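Written out below as structure tokens is the structure these notes cover.
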Amino acid sequence: MFLVSVARQMVQGVVRDAAVSVDEEVEAAIMDFYGGAIVMQLVQWLATGLQDDQEVLYHRAEIGLDGAIENAIRQATKSE
């Protein structure tokens, strides 16, 4: 639960930097989805005995998240 909490806070910071105003429900959904993705990457890294270098982990996260949160906000606000 600690990792989930930290990951959600990290994503929340990105959401708030990306948009002036976001509906709380949209913000929570984005935090849950992308926070969960970050935690699963960490769990997978731990399960494989930390075989990959930290930089590889960072790079994977960057690939998956680059522009994704901004796109999720755009998609959510399109339907409003």
Side-chain angles (χ1 to χ4, degrees):
M1 291 309 296
F2 172 75
L3 289 176
V4 170
S5 175
V6 170
R8 287 183 89 247
Q9 289 174 9
M10 289 170 45
V11 173
Q12 184 179 41
V14 175
V15 169
R16 291 186 175 171
D17 285 346
V20 175
S21 176
V22 178
D23 181 76
E24 287 182 21
E25 187 175 318
V26 170
E27 181 180 57
I30 292 170
M31 289 167 51
D32 287 343
F33 184 83
Y34 290 102
I38 291 169
V39 170
M40 286 311 301
Q41 284 293 306
L42 287 171
V43 168
Q44 181 180 0
W45 186 52
L46 293 169
T48 59
L50 311 175
Q51 290 178 358
D52 292 328
D53 188 63
Q54 283 180 333
E55 293 302 318
V56 171
L57 190 67
Y58 296 147
H59 183 68
R60 284 184 192 148
E62 184 178 39
I63 289 170
L65 295 175
D66 188 30
I69 291 173
E70 291 86 352
N71 185 54
I73 292 168
R74 269 194 310 277
Q75 292 298 320
T77 56
K78 264 193 345 188
S79 63
E80 291 178 350

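Since the model is a prediction, treat every value here as computed from it, not as a measurement.
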With side chain to side chain contact (heavy atoms under 4.5 Å, CB included) as the criterion, how do T77 and V22 come out once you've worked through the C-alpha distance, each side chain's angles and the decisive distance to 0.1 Å? CA-CA 8 Å; T77 56; V22 178; over 6 Å; no

Under the side chain to side chain contact (heavy atoms under 4.5 Å, CB included) rule, what do I38 and L65 come out as? Steps first, then yes or no, please. CA-CA 9 Å; I38 291 169; L65 295 175; 4.0 Å; yes

Going from CD1 on I69 to CE on M31, what distance comes out if it is rounded to the nearest 0.5 angstrom? 10.5 Å

Taking all heavy atoms of R8 and all of A28, pick out the closest pair and write down the distance. NH2-O, 3.9 Å

Could you check if a side-chain atom of M10 sits within less than 4.5 angstrom of a side-chain atom of V14, using non-hydrogen atoms only? no

Side-chain heavy-atom pair W45, Q54 within 4.5 angstrom cut-off: yes

Distance (rounded to the nearest 0.5 Å) between L3 CG and Q41 CD: 13.0 Å

Residue pairs meeting salt bridge (charged side-chain N to carboxylate O under 4.0 Å, His left out), one or both in residues 42-60, sequence neighbours left out, come to D52-R60

Tell me which pairs pass salt bridge (charged side-chain N to carboxylate O under 4.0 Å, His left out) where either residue lies in residues 42-51, with sequence neighbours left out. none

Interatomic distance, D17 atom CG to Q12 atom CD [nearest 0.5 angstrom]: 10.5 Å

Any side-chain to backbone donor/acceptor pair from T48 onto Q44? Under 3.5 Å, distance only. yes

Closest heavy-atom pair and its distance - G35, A7: O-CB, 3.5 Å

